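Worth saying up front: this structure is predicted, and the values here are computed from it rather than measured.
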Protein chains: 2
Amino acid sequence: MALEHAILVSLLEQPGSGYELARRFDRSIGYFWTATHQQIYRVLKRMESDAWIEAREVAQQDRPDKKEYSVAALGRAALSGWLHEPIEPESVRHELAVKIRGAAFDDPAALIREVRRYRQAHAERLAHYLAGERRDFTGPEAPAPLDDRQELQHVVLRGGIAYEQMTLAWLDDVIDTLERLGARR
Amino acid sequence: MALEHAILVSLLEQPGSGYELARRFDRSIGYFWTATHQQIYRVLKRMESDAWIEAREVAQQDRPDKKEYSVAALGRAALSGWLHEPIEPESVRHELAVKIRGAAFDDPAALIREVRRYRQAHAERLAHYLAGERRDFTGPEAPAPLDDRQELQHVVLRGGIAYEQMTLAWLDDVIDTLERLGARR
DNA sequence: CCCCCCATGTAAGTAGTTACATGATTAC
DNA sequence: GTAATCATGTAACTACTTACATGGGGGG
């Protein structure tokens, strides 16, 4: 149960409305924690009634008004407490791995097409990460030196980049294996 | 919703009871799909009433009797249908990444101890995977050549190994970064 | 006029977790 | 006797997903 904490981090980085949070969970923080707008609004309500966050009505021209949330003292305390808790091992859900093992009881070669499409999606995500890294951390427009917040965002992004590179290499391995099994039939 | 399918794959690899499935979800298939025994029993009931699987009462000596499940024709068909569906992108939940970004608003150096412990857990998992790989696929006791099922299990395990190696390298990067930020205060 | 973006929600259902419960057998 | 393993479940709760709903503004 860390959606609350992901929201706290995002609101500390930048206060915003439920809608804006939902956008961030499609990119940025969404690269390592996903949530839909329905879930976000529900959790925001709970967090507000627990006084973890405070809402401020913001009137806007040319677009609907919004409620801008920011982190209150209790929210900061809750985040701090959570940060000091032990890091729990992640519970893994890797659908493709199940499919690959399941392919032994169906047609391994039939998976190749889907794995290629999946690989393409990861290649695009890697390119997106690398562009973001140049823009925010390593390119000529990036601030130097980076402050703590930026250093920590950068090391998380490096993790995403490493993950995508590893995944692409493994998917090549998977495609080779599936092709080899198809050829020997 | 792939627990059903993970169970189908596991039962095709080897029929077994709910209890045995729960054990497998602690290792083997559990490396890429987790489930508790409560959840497994619930889903097994549904799968049996949908005629995806069949139960057989097995009397045992020295231990309680059990219900051994195996995959029925409808279950095989359901698995085959699922295998041909598009591979959906995984929804990411990476608590440590949230904590690292959150540390910017607390004490980055305080995370180091927990990250080291977390790294240790991943190092052990990698060692476990490598031992399993030698035992089942690359060692002198392993069958050669491998059949389709073993080749596919092996490529999935190689994915797990690659993931752990990548994770260890990234965690070293994280620890370095946290130490650097601690030192410059 | 229709579609897209901004903005916020409700309702219903599915999936997953945590706590509790039972009962047999084996090992110390 | 008491702890551990085998074996199967119920109950209550929390988290998450999917579908539906509303309404203003801007662009083609």
Over how many whole Å does the gap from [X] atom [atom1] to [N] atom [atom2] extend?
X      : N       : atom1 : atom2 : value
E68(B) : dC6(D)  : CD    : P     : 16 Å
H5(B)  : dT14(C) : NE2   : C1'   : 14 Å
K45(A) : dG9(C)  : NZ    : C1'   : 7 Å
D65(A) : dT8(C)  : CG    : P     : 9 Å
L44(A) : dA7(C)  : CG    : C1'   : 13 Å

Tell me whether the rings of H128(B) and Y31(B) are parallel (<30°), tilted (30 to 60°) or perpendicular (>60°).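 Judged by the thresholds at 30° and 60°, the geometry between H128(B) and Y31(B) is perpendicular.
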Take the angle between the ring planes of Y163(B) and Y163(A) and call it parallel below 30°, perpendicular above 60°, tilted in between. perpendicular
Using the rule given for side chain to side chain contact (heavy atoms under 4.5 Å, CB included), can you reason through E141(A) versus R134(A), listing the C-alpha separation, both sets of side-chain angles and the distance that settles it, and then say yes or no? CA-CA 8 Å; E141(A) 303 288 307; R134(A) 272 190 303 276; over 6 Å; no
Between atom CG of L96(B) and atom CD of E88(A), what is the distance when rounded to the nearest 0.5 Å?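 Those atoms lie 12.0 Å apart.
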Short side-chain N/O contact from Y41(A) to OP1 or OP2 of dG9(C), under 4.0 Å: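 Looking at the OP1 and OP2 atoms of dG9(C), neither is under 4.0 Å from any side-chain N or O of Y41(A).
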dG9(D) phosphate, OP1 or OP2: any side-chain N/O from K67(B) under 4.0 angstrom?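 Answer yes for this pair, as a side-chain N or O of K67(B) is under 4.0 Å from OP1 or OP2.
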For DNA chain D, find the residues of residues 14-28 of chain B with a heavy-atom distance under 4.0 Å and give them by number; none if there aren't any. S17(B), G18(B), Y19(B), R23(B)
DNA chain D contacts among residues 48-56 of chain A, heavy-atom distance under 4.0 Å: none
Side chains of residues 37-46 of chain A: which donor-acceptor pairs under 3.5 Å do they make with residues two or more places apart or in other chains?
residue: Q38(A); atom: OE1; partner: T36(A); partner atom: OG1; Å: 3.4
residue: Y41(A); atom: OH; partner: Y19(A); partner atom: N; Å: 3.3
residue: R46(A); atom: NH2; partner: E4(A); partner atom: OE2; Å: 2.6

Which letters describe nucleotides 14-24 of chain D, given B = protein heavy atom under 4.0 Å from base, S = only from sugar-phosphate, - = neither? -SBBBBB--B-
Interface polar pairs with nucleotides 26-28 of chain C, N/O, under 3.5 angstrom:
residue: dT26(C); atom: OP1; partner: D62(B); partner atom: OD1; Å: 2.9

Taking distance alone, no hydrogens or angles, what donor-acceptor pairs closer than 3.5 Å link side-chain atoms of residues 154-162 of chain B to residues at least two apart or in another chain?
residue: H154(B); atom: ND1; partner: R158(B); partner atom: NH1; Å: 3.1
residue: H154(B); atom: NE2; partner: E133(B); partner atom: OE2; Å: 2.8
residue: R158(B); atom: NE; partner: D173(A); partner atom: OD2; Å: 2.7
residue: R158(B); atom: NH2; partner: D173(A); partner atom: OD1; Å: 2.9
residue: R158(B); atom: NH2; partner: D173(A); partner atom: OD2; Å: 3.4
residue: R158(B); atom: NH2; partner: T177(A); partner atom: OG1; Å: 3.2

For R24(A) and S10(A), indicate whether the former's side chain and the latter's backbone hold a donor-acceptor pair under 3.5 Å.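 Checking the backbone N and O of S10(A) against the side chain of R24(A), a donor-acceptor pair under 3.5 Å is found.
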Is it the case that atom CZ in R113(A) sees more than 12 heavy atoms from other parts of the structure closer than 6.0 Å?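 No, the 6.0 Å shell around CZ holds no more than 12 heavy atoms from other groups.
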L171(A) pairs by side chain to side chain contact (heavy atoms under 4.5 Å, CB included) with which of Q120(A), H122(A), R116(A)?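 By the side chain to side chain contact (heavy atoms under 4.5 Å, CB included) criterion, L171(A) pairs with just one of Q120(A), H122(A), R116(A): H122(A).
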